[in-house]
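Because the structure is predicted, anything quoted here is derived from the model rather than measured. Lettering of chains follows the sequences in order, A, B, ..., and the numbering in each one begins at 1.
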Amino acid sequence: MTTGWAATPALGRALVVGGAATGSGMLLGRPTLVVLAAPFLTFAALALLHRPRLQPRVQARLDHVSLHEGQGTTSRLEVLDGDDVEQVTRVVERTPHVACRPADGRTSRMLGHEPADIAISPRRWGRRTVGGEAVALTSRWAGFRWGPVTIPGSEMRVLPTTTTYAARAEPPHPQGLVGAHRSARVGSGTEFAGIRGFEPGDRLRRINWRVSARTGRIHVTTTRSEQDAGLLLVVDATADHGHSGGLDGEASSLDLTVRAAAAVAEHALRQGDRVALRVVSGDGAQVPSGSGRLHRRRILGSLASIRPSELVEGYADRLRLNATDGTMVVLLSPMLSQHMGTAAMTLVQRGLTTLVVDTLPPGAEPTTPEGADQRIASLAWRMRKLEREQSLAMLAAYGCPVVAWRGPGTLDEVLRRLARRAELPRAVRR
Amino acid sequence: MRHWTAGNAGLRLVIAAGPPLALLASALMDSPPPLWMVLLTTLCSVGSAMWHDSGLGTAAQLLVVAWWAVGPPASIDPAVLVAAASLVAAHVASVLVAYGPADLPVNPRLLRTWAARATATLLVAGAAWLAAAAVEGQPEPAGIWGVGMAGVTIAAVVAAVAVGRRREPEVS
């Protein structure tokens with residue numbers, strides 16, 4: 001697209017009215033018309049005197065390219081070769097779940113006197129196109145206009161917000177190599193486990209001299225080893241129920257799912273645990289187990305890239321979560337899909353510690369397809385919810401706790417119970 | 001209309017009211033305009049307020065010029081300054097509205113700048129009025145109107161060449 005400076009309608013009006021009034025005044029001998037023409041001739045003369053000579057260039061850049069939902073950044077406009085420019089207008093594209101300031105992304109500024117910046121804040125996780133806008137420049141005395149030209153936006157992955165999550169509950173099966181959790185195994189940790197008789201290989205500094213002197217035999221103090229835990233997050237992204245109002249409004253089921261998964265992953269990774277992610281959807285992503293800051297960004301990035309899609313026909317029956325023994329599985333889902341219920345039951349029967357986080361928003365209503373009978377859709381929804389209640393009750397009966405996500409602290413009590421239960425002997429079906 | 005900001009709506013009110021007020025200013029000289037002219041001018045100016053980049057604003061102002069050419073007496077009267085001020089207000093309001101879409105808030109600094117410019121151009125009109133009042137009734141020098149027409153014609157040709165559009169490749 002080519003553009004350049006073009007005369008404004010205002011300049012045309014000033015020339016036409018001023019010229020017509022002056023010509024008529026002289027033809028008819030009426031000085032009053034010259035008085036009417038004088039201001040317009042002044043406008044036109046000054047606009048023409050300040051006719052732009054240079055062709056400007058505009059560039060827009062964002063201060064930040066990666067944001068969490070709710071965070072903000074600034075879009076700054078740079079005008080090159082803009083000596084002839086007096087005023088700049090920026091109109092940012094309206095994008096769902098992206099808030100702008102000032103005035104919904106519209107700004108008019110005098111160049112050189114005030115910055116033409118626009119603050120942008122994505123209000124919901126996911127892939128957002130941010131920064132697309134139209135820019136127009138006006139010369140002095142509004143004689144000439146350049147543009148408007150369109151500057152395309154850039155796609156940004158908005159990471160889900162990670163609220164502070166301070167669970168003190170221990171995970172049920174710390175089994176990794178080294179970490180922050182008290183393990184059931186005896187090792188070289190700091191927490192007291194017991195006192196036993198000396199065996200070859202024990203370290204001399206572990207000798208408990210008091211007990212040894214009292215019993216007459218050498219005894220050593222044993223401690224529990226500190227190990228990390230393995231966590232598998234299974235995120236149900238087959239559908240999105242309810243309405244999403246972004247961070248400032250109500251949350252849909254996928255909002256709750258993604259934010260809960262981000263919070264749990266953040267908490268586990270801060271403790272040094274290993275976290276894996278499995279997204280159940282038509283194009284499901286998978287993040288293998290890992291830990292550390294980079295792994296955290298990888299998990300949050302995968303969560304931010306989620307787009308709801310149904311499972312491919314036939315694939316649902318072969319759903320494999322690849323959960324290894326000793327891993328704790330947290331399954332985040334609104335539990336409206338039969339496949340997720342089946343997957344949870346399979347994990348429980350394998351003997352894996354499984355926790356279901358229910359992310360169906362209270363009061364969620366289904367989207368009725370166009371032309372469908374609202375009463376039938378409503379009845380079908382009620383029936384589906386009844387089936388869901390039965391499914392959840394069956395999971396609970398098999399020992400799989402189901403807890404509705406209500407923010408940080410939701411999982412504390414459940415994790416404590418699971419940790420206590422993990423220490424008890426248990427029969428499993430192989 | 002429901003997307004107009006408050007400032008934008010105010011400016012459009014000025015665009016709509018300016019030309020009719022300029023027309024009615026001749027009533028101060030006991031020479032009110034005919035009703036049909038008032039209605040036609042109002043129609044054009046209201047249309048210009050709705051579609052400010054159309055030619056309706058120019059049409060409304062030309063109607064005012066046409067009336068002042070044939071209607072009121074040729075004598076110099078302060079009423080013509082009222083008409084000039086009304087036309088300038090409508091023109092400047094149209095300039096401010098044209099800076100962006102209807103839901104763009106009016107920038108206060110731009111508003112002050114253009115208010116100052118409008119005042120300056122009205123001072124030019126006032127100076128022209130004083131000059132016209134000073135020479136009113138005196139015999140005209142020979143050929144003065146011919147020289148004036150020639151000057152206006154040359155200025156119009158220069159202006160037409162100057163506003164010719166140039167196209168350059170867009171770089172962004």
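Atom CZ of Arg127(A) is surrounded by more than 12 heavy atoms from other residues, nucleotides or ligands within 6.0 Å. Other residues, nucleotides and ligands place more than 12 heavy atoms under 6.0 Å from the CZ atom of Arg109(B).
Between Thr89(A) and Gly100(B), the closest heavy-atom pair is CG2-CA, 4.2 Å. Heavy-atom minimum distance, Val65(B) versus Leu33(A): O-CD2, 3.6 Å. Of all non-hydrogen atoms in Ala84(B) and Leu36(A), the two that sit nearest each other are N-CD2, 3.6 Å.
Rounding to the nearest 0.5 Å places OG1 of Thr138(A) at 5.5 Å from OH of Tyr99(B). Leu104(B) contributes atom CG, which lies 11.5 Å from atom CG of Asp104(A) (distance to the nearest 0.5 angstrom). Rounding to the nearest 0.5 Å places NE2 of His113(A) at 7.0 Å from OG1 of Thr113(B). Between atom OG1 of residue Thr121(B) and atom CG of residue Leu41(A) there is a gap of 11.0 Å, rounded to the nearest 0.5 Å.
Looking at heavy atoms from C-beta onward, Pro101(B) lies in side-chain contact with Val91(A) at the 4.5 angstrom threshold. Looking at heavy atoms from C-beta onward, Ser108(A) lies in side-chain contact with Leu110(B) at the 4.5 angstrom threshold.
Here Glu86(A) pairs with Arg117(B) in a salt bridge; the nearest charged N to carboxylate O distance falls below 4.0 Å. Salt-bridge annotation for Asp103(B) and Arg94(A): present, with a side-chain N of the basic residue lying under 4.0 Å from a carboxylate O of the acidic one.
Using a 4.5 Å cut-off between heavy atoms, Pro39(A) contacts chain B through both its backbone and its side chain. Neither the backbone nor the side chain of Ala136(A) comes within contact range of chain B, judged by heavy atoms closer than 4.5 Å. Of the atoms belonging to Pro108(B), not a single heavy atom falls under 4.5 Å from chain A. Looking at Leu81(B), only its side chain comes within 4.5 Å of chain A, counting heavy atoms on both sides. Neither the backbone nor the side chain of Ala134(A) comes within contact range of chain B; no heavy atom of the residue lies under 4.5 Å from a heavy atom of that chain.
Checking side-chain atoms of Arg13(A) against main-chain N and O of Thr58(B) turns up no donor-acceptor pair under 3.5 Å. In this structure, Arg145(A) contributes its side chain and Ala98(B) its backbone to a donor-acceptor pair below 3.5 Å.
Comparing Gly57(B), Ala79(B), Pro72(B) by how many heavy-atom pairs each has under 4.5 Å with chain A, the most go to Pro72(B). Note: Ala125(B) leads Ala127(B), Ala132(B), Ala125(B) in heavy-atom pairs under 4.5 Å with chain A.
With no hydrogens or angles considered, a side-chain donor-acceptor pair links Glu114(A) and Asn107(B) at under 3.5 Å.
The side-chain contact (heavy atoms from CB on, under 4.5 Å) with Phe43(A) is formed by just one residue from the set Val92(B), Val124(B), Val95(B); it is Val92(B).
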> Please walk me through it: do Phe40(A) and Gln61(B) pass side-chain contact (heavy atoms from CB on, under 4.5 Å)?
Replying inline: CA-CA 11 Å; Phe40(A) 289 92; Gln61(B) 298 192 344; 3.3 Å; yes
